[in-house]
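Written out below as structure tokens is the structure these notes cover.
Quick note: residue numbers are just sequence positions, from 1. The basis for the numbers below is simple: all heavy atoms, side chains too, and nothing from hydrogens, waters or symmetry mates. Atoms within each ligand, like the ligands themselves, are counted from 1 in listed order.
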Amino acid sequence: MKKIVLFIFPLLFLLTSCTAAADIEEEKNLVIGFSQSGTESKWRKKHTDSIKTELEKNNQVLYRNGYMSQERQIQDIRTFIAYKVDLIVFTPLQEDGWELILTEAKQADIPVIVVDRHISVSDQSLYITHIGPSFKAEGNRGGLYVTNHFADSQKEEINILELSGLPETSPTTLRTEGFQETISRDSRMKIVDTLSGDYIRMKGKEQMEQYIEEHDISSIDVLYSHNDEMTHGALEALAKTDVVPGKDIIIVTIDAQEDMIRKLRAGDVNCVVECNPNAGWFVANAIERYFSGHELAHEIYMPETVFSESNLDTIPTRNY
Ligand code: GZL
């Protein structure tokens, strides 16, 4: 009798622990297709790493880089559908043009999570949630820095040059909208020109060099740049002039890459608005809740802040 107990008990233990391990293993077997829009900035690379690292803890991730091509992203998503993935995570390059491919995903009964930039679709059921920053609030924070900076200035006119990101994307549209909304409280402030750098350093530099050639840069009081990569390009262009960045021209930039925080500490720029790239936890949490049967909010905002000379000592290490 004793021998039987000695034999059965360990067998039962082995079977139950195998079942538990299988359950845990089962949780690991979600196959997720992740389509990223590109690798244009250190911010974007951190965004990709954050999502991949977090999802790969418990899932298999098929990652595709769209190289800033919507056509490639559409092909990538079609590949995920052919593979019958459990869920698709994608960061759209631009706002429009996703209706058809997302309808294909819906017809294949594959849920989609949109991360970072927004999409414009008539059927909101084509994605289960959007996770990202409040781009309008980022613009508001940049505008607030500028209005506070000039609050006691005797200047009668305050000329602002805007260096905007990729057209027809929600960060570009909303960063302009938020900034405009805030500076409109000071009638002296005016965006006298808007350049487009597509969020790319070299293009930001080229646009700024051309502007400097064709205009009197000394008449510009503020540069409002939609991302740090383009700001680096603009600073390279300004270095060839006698304009002192951070002093002759107040510079507001968005993302908060480590290399831009160094420029803030050096006084070369004045305000760095954070755009949080660490979407990984938010995406993984949304997936876990979705597959546990929870209803997801259609918009999940990520926390962000703003850095300037007033809080230099509290800026966390950026890791991007
Ligand atoms: C904003 C993101 C922007 C970043 C840029 O969330 O879409 O795209 O601000 C990146 O650095 O190119």
Salt-bridge test for [X] and [Y]: reply yes if a basic N is under 4.0 Å from a carboxylate O, no otherwise.
X: E209; Y: K240; result: yes
X: R201; Y: E229; result: yes
X: R188; Y: E157; result: no

ask   = Is K42 close enough and on-axis enough to Y320, meaning under 6.0 Å and within 45°, for cation-pi?
value = no
message = Quick check on contacts: which atoms of ligand 1 are under 4.0 angstrom from a heavy atom of C275?
response = 1 (C), 6 (O)
message = Under a 4.0 angstrom heavy-atom cut-off, which atoms of ligand 1 come close to E40?
response = 8 (O), 10 (C), 12 (O)
E138, R175, K45: member with heavy atom nearest to atom 1 (C) of ligand 1 = R175
ask   = Which residue supplies the protein heavy atom nearest to atom 3 (C) of ligand 1, what is that atom called, and how far is it?
value = R117 NH2, 3.8 Å
ask   = Nearest protein heavy atom to atom 6 (O) of ligand 1, by residue and atom, and its distance?
value = D116 OD1, 2.3 Å
ask   = ligand 1 versus R44, non-hydrogen atoms closer than 4.0 Å: side chain, backbone, both, neither?
value = side chain
task = Please say whether N227 places an N or O atom under 3.5 Å from an N or O atom belonging to ligand 1.
result = yes
key: Atom pair CG/OG of D198 and S164 - distance to nearest 0.5 Å   = 8.0 Å
task = Work out whether the distance between some heavy atom of D255 and some atom of ligand 1 is less than 4.0 Å.
result = yes
query = Are the side chain of D228 and the backbone N or O of A256 linked by a donor-acceptor pair below 3.5 Å?
reply = yes
